[in-house]
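Below: one structure, written as structure tokens.
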2 protein chains.
Amino acid sequence: MGIRAQQKEKTRRALVDAAFNQLSAERSFSSLSLREVAREANIAPTSFYRHFKDMNELGLTMVDEGGLTLRQMMRKGRQRAEAGGSVIRISVDTFMEVLDSNPNVFRILLHERSGTSAAFRAAVAREIEHFISELAHYTEATAGRTPMLARAQAEALVTLVFNAGASALDMKRADRKILADQLVMQLRMVAKGAEALQHKVEHR
Amino acid sequence: MGIRAQQKEKTRRALVDAAFNQLSAERSFSSLSLREVAREANIAPTSFYRHFKDMNELGLTMVDEGGLTLRQMMRKGRQRAEAGGSVIRISVDTFMEVLDSNPNVFRILLHERSGTSAAFRAAVAREIEHFISELAHYTEATAGRTPMLARAQAEALVTLVFNAGASALDMKRADRKILADQLVMQLRMVAKGAEALQHKVEHR
DNA sequence: CTTTTGAGCGTACATCTGTAAGCTAATTTA
DNA sequence: TAAATTAGCTTACAGATGTACGCTCAAAAG
């Protein structure tokens, strides 16, 4: 890669990072202005356009990147679970760790999921869909669920986890522990309940 | 009430209604400007301050009002359920009807739940908490759940319903029906699962 | 070496924002 | 009836925003 392309990539990263860094509980992506992001990245406002068509394009990049990050970390967690122990417990713990270390990655997904841009909502939905279908296949294979049941179950699990994540963002470590315990209980409810419904289908 | 106070109340309503009417899938409350709302309500921008300290105060009013509306409609639905039939099914159907007739009421709750203002998030959380505790008491009484289990169960149910509502906003009637069916299945999972966990506690 | 390309900059402009200040006129109070 | 209150208005201003235009100058291409 030429010197020029290298520098360009560096600036592009600076923009993405600047945007991520400006996110917080009080600041959503849609409240960021092009000028603010450019300022934080130390470039002139008009130079922004050398990298992205507009703020929308930057945001979608962030959603994609964020989804990828999240999935990679969860996958690592699942590997840990293979060594033994409750899959549910370990997955929840992993998720909480991700939240702790990358809150802004989760924030943009969370916020834009119910945001005002259809493109953003679709992008987030796509990321979440990855989680759901990975999980559905897993349950179909290991617990022998009907595809329809597996799907419903996976969706419920992901919904509960995601939602708990949203609550956790506003909490201190101690309260998060309580939340995590309750989340585990809820996930077990869904698992047990799915099992029960499955048996009902089989005995007929 | 004097003529003066009456007129003032009317203008205040015009402001609230104007704000609600400007909400849509593409427009969140936080993206509305004071001037826009005033324009829609046919008053001068500066007159806004005769009714609300700032946009925040208007928004919180809307959240409170919206939560109340939602709860009233759900309560009506529950009365319908007392005549017989599945509580879950009827509640879901009621919820979908509310969504259809008052989408913007739901939108502000949905969006501000993960918004950038702590005050808004707290206000929405308070509204949701009403649903949860009403439901928890109901299950504690009718199904004899442990308080802790009842709470976890109620929270899971509300989470799933709320989340399905968010998805439904982007859907056409036909797809909503499928969504509603799946939601019912998920709610049954939770109910069954909670029951199973309850028995586990009892037999020890 | 010469030419072309393009990342980044500075200037500029029209548009929108929140809100301060002070006036008007109708209602309310005394 | 006279005085006080106040909802709503007009005018005004400072600040921020997105982006069009044209320049520079170092890297890439020929």
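Only heavy atoms go into these numbers, but all of them, side chains included; no hydrogens, no water, no symmetry mates. All chains are named by letter (A, B, ...) in the order of the sequence lines, taking the proteins before the strands, and each is independently numbered beginning at 1.
- Rounded to whole Å, the distance from OH on B/Tyr49 to P on C/dG18 is 7 Å.
- Contact check for A/Thr116 versus A/Ser30: no side-chain heavy atoms found under the 4.5 Å cut-off.
- Comment: B/Arg113 does not engage B/Glu127 in a salt bridge, judged by the lack of any side-chain N to carboxylate O separation of less than 4.0 angstrom.
- The pair B/Arg107-B/Glu112 fails the salt-bridge criterion, with no side-chain N (NZ, NE, NH1 or NH2) lying under 4.0 Å from an Asp/Glu carboxylate O.
- Distance A/Glu40 CD to D/dT17 P: 14 Å, rounded to the nearest Å.
- Nearest-nucleotide positions on DNA chain C for A/Ile43 and B/Ala5 put A/Ile43 closer to the 5' end.
- Contact of the A/Gln7 side chain with the A/Lys10 side chain is registered, since non-hydrogen atoms from C-beta on lie closer than 4.5 Å.
- For DNA chain C, none of the residues of residues 6-24 of chain B falls under the heavy-atom distance limit of 4.0 Å.
- Separating the CZ atom of B/Arg50 from the P atom of C/dA20 is a distance of 12 Å, rounded to the nearest angstrom.
- Exactly one of A/Thr94, A/Val184, A/Leu187 qualifies for a side chain to side chain contact (heavy atoms under 4.5 Å, CB included) with A/Arg89. That residue is A/Val184.
- To the nearest 0.5 angstrom, B/Glu134 atom CD is 11.0 Å from B/Thr139 atom OG1.
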Set out, line by line, the N/O atom pairs under 3.5 Å between protein and nucleotides 13-16 of chain D.
none

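- When side chains are defined from C-beta on, A/Arg78 does not count as touching A/Ile90, because their heavy atoms never get closer than 4.5 Å.
- Here C/dG18 presents its C1' atom at 17 Å from CZ of B/Phe52, a figure rounded to the nearest Å.
- What separates NE2 of A/His51 from C1' of D/dT19 is a distance of 16 Å, to the nearest Å.
- B/Leu183 pairs with exactly one of B/Asn163, B/Leu157, B/Leu160 by the side chain to side chain contact (heavy atoms under 4.5 Å, CB included) rule, that one being B/Leu160.
- Distance B/Ile3 CD1 to D/dT5 C1': 16 Å, rounded to the nearest Å.
- At a cut-off of 3.5 angstrom, the base of D/dT6 holds at least one donor-acceptor pair with the side chain of B/Arg4.
- In this structure, the ring-ring contact (aromatic ring centres under 6.0 Å, His included) partners of B/Phe106, at least two apart in sequence or on a different chain, are B/Phe95, B/Phe162.
- Minimum atom distance to the side chain of B/Leu34 is reached by C/dG18, of the listed C/dG18, D/dA28, D/dA7.
- Of the side-chain N and O atoms in A/Thr46, none sit less than 4.0 angstrom from OP1 or OP2 of C/dC9.
- Residue A/Ser47 places none of its side-chain N or O atoms closer than 4.0 Å to OP1 or OP2 of C/dA7.
- Atom-to-atom, CE of B/Met1 to C1' of C/dT28 comes out at 15 Å; the value is rounded to the nearest Å.
- Rounded to an integer number of Å, the gap from CD of A/Glu36 to P of D/dT19 is 15 Å.
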